[in-house]
Amino acid sequence: MHLLLPVLLVGAGVGFLGGLLGKGGAAIATPLLVAVGIPPMIAVAAPLPATLPATLFAADGYRRSGMVDWQVVRWSLIAGVPATITGALLTRWVSGGALVLVTDAVIAGLGVRMLLRPASNSEIAGPEPTRARILAVAAVSGAAAGLLANSGGFLLAPLFVAVLGLRVKPAFGTSLAVAAVLAVPGTL
């Protein structure tokens, strides 16, 4: 009962940031939940079901603005869904503490990368993303999503920019559409 208020504050904060930034927030919620005293495996798994409505709602806004690349979504799901299932199955052999540490390291690494080379939405998009690159990004993101019990958006959006050459807003919209689907097998 003593954890109720801290958990509610984490949920409210992550929900606010998710609404502001258009992301589901499971990757951010996990280390925060551990910090307030939730056991690591519960902190890894608990935020994922909440990402489904959050990502669907946010993805719909991007869809209405024409900021979803449906070709990237289709090819991402072909590789991402099986990779998410595989990653989720692998969690049986990995401790909750290790999963939290990996989540922390990935978030820190992505943050440092964005600080060193920030992207702007006005950047000219790179060449047309190849199927091989889309499949590779989706496989890595899906495996991480399943293993780390999140929808993968925290990896998809930066990789869509860095590897596929998508502009920032289409990368967010496309990652949200993919993440909404990847949240389902990860949750199950």
Side-chain angles (χ1 to χ4, degrees), residues 17-18 20-28 30-31 48 51-52 54-56 58-63 65-91 94 99 101-186:
L17 288 174
L20 180 68
L21 302 173
K23 302 306 287 172
I28 294 170
T30 296
L48 184 56
T51 63
L52 185 56
T55 53
L56 282 172
D60 186 55
Y62 281 94
R63 179 196 58 80
S65 298
M67 297 285 183
V68 175
D69 185 327
W70 293 107
Q71 176 184 334
V72 172
V73 170
R74 282 188 294 278
W75 286 102
S76 293
L77 294 178
I78 288 170
V81 170
T84 301
I85 293 167
T86 301
L89 293 173
L90 291 175
T91 60
V94 183
L99 294 174
L101 288 175
V102 170
T103 301
D104 292 347
V106 170
I107 290 171
L110 289 171
V112 168
R113 190 236 179 249
M114 294 305 278
L115 285 173
L116 295 176
R117 188 174 177 268
S120 73
N121 197 48
S122 62
E123 287 183 13
I124 297 172
E128 187 72 21
T130 64
R131 287 181 184 161
R133 284 180 151 180
I134 297 169
L135 293 171
V137 165
V140 168
S141 300
L147 190 61
L148 301 176
N150 63 56
S151 61
F154 78 107
L155 274 179
L156 288 166
L159 291 176
F160 283 171
V161 171
V163 177
L164 302 185
L166 296 182
R167 291 185 357 245
V168 173
K169 284 191 176 183
F172 278 173
T174 304
S175 75
L176 284 162
V178 173
V181 176
L182 297 185
V184 174

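The residues of the chain are indexed from 1 along the displayed sequence. Reckoned from all heavy atoms, side chains included, excluding hydrogens, waters and symmetry mates. Worth saying up front: this structure is predicted, and the values here are computed from it rather than measured.
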Distance-only donor-acceptor hits, side chain of residues 74-81, under 3.5 Å, sequence neighbours excluded:
unit_1 : atom_1 : unit_2 : atom_2 : d
S76    : OG     : V72    : O      : 2.7

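With sequence neighbours excluded, no residue forms a side chain to side chain donor-acceptor pair (under 3.5 Å) with R131. Scanning for side-chain contact (heavy atoms from CB on, under 4.5 Å) contacts around L90 gives T86, W93, L147, with sequence neighbours left out.
T55 and A180 get closest at one heavy-atom pair: OG1-CA, 3.3 Å. Residues A83 and A139 come closest through the heavy atom pair CB-O, 3.4 Å. The two residues A171 and V161 make their nearest non-hydrogen contact at CB-CG2, 3.5 Å. Scanning both residues, R133 and L164, for their nearest heavy atoms gives CB-CD2, 3.6 Å.
Atom CG of L166 and atom CE of M67 lie 11.5 Å apart (nearest 0.5 Å).
A heavy-atom distance below 4.5 Å is not found between the side chains of D69 and P170.
A distance-only check finds no donor-acceptor pair linking the side chain of T91 to the backbone of G87 [under 3.5 Å]. Without hydrogens or angle criteria, S141 side chain to A138 main chain gives no donor-acceptor distance under 3.5 Å.
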Pair L182-L156, side-chain contact (heavy atoms from CB on, under 4.5 Å): steps then yes or no: CA-CA 11 Å; L182 297 185; L156 288 166; 4.3 Å; yes

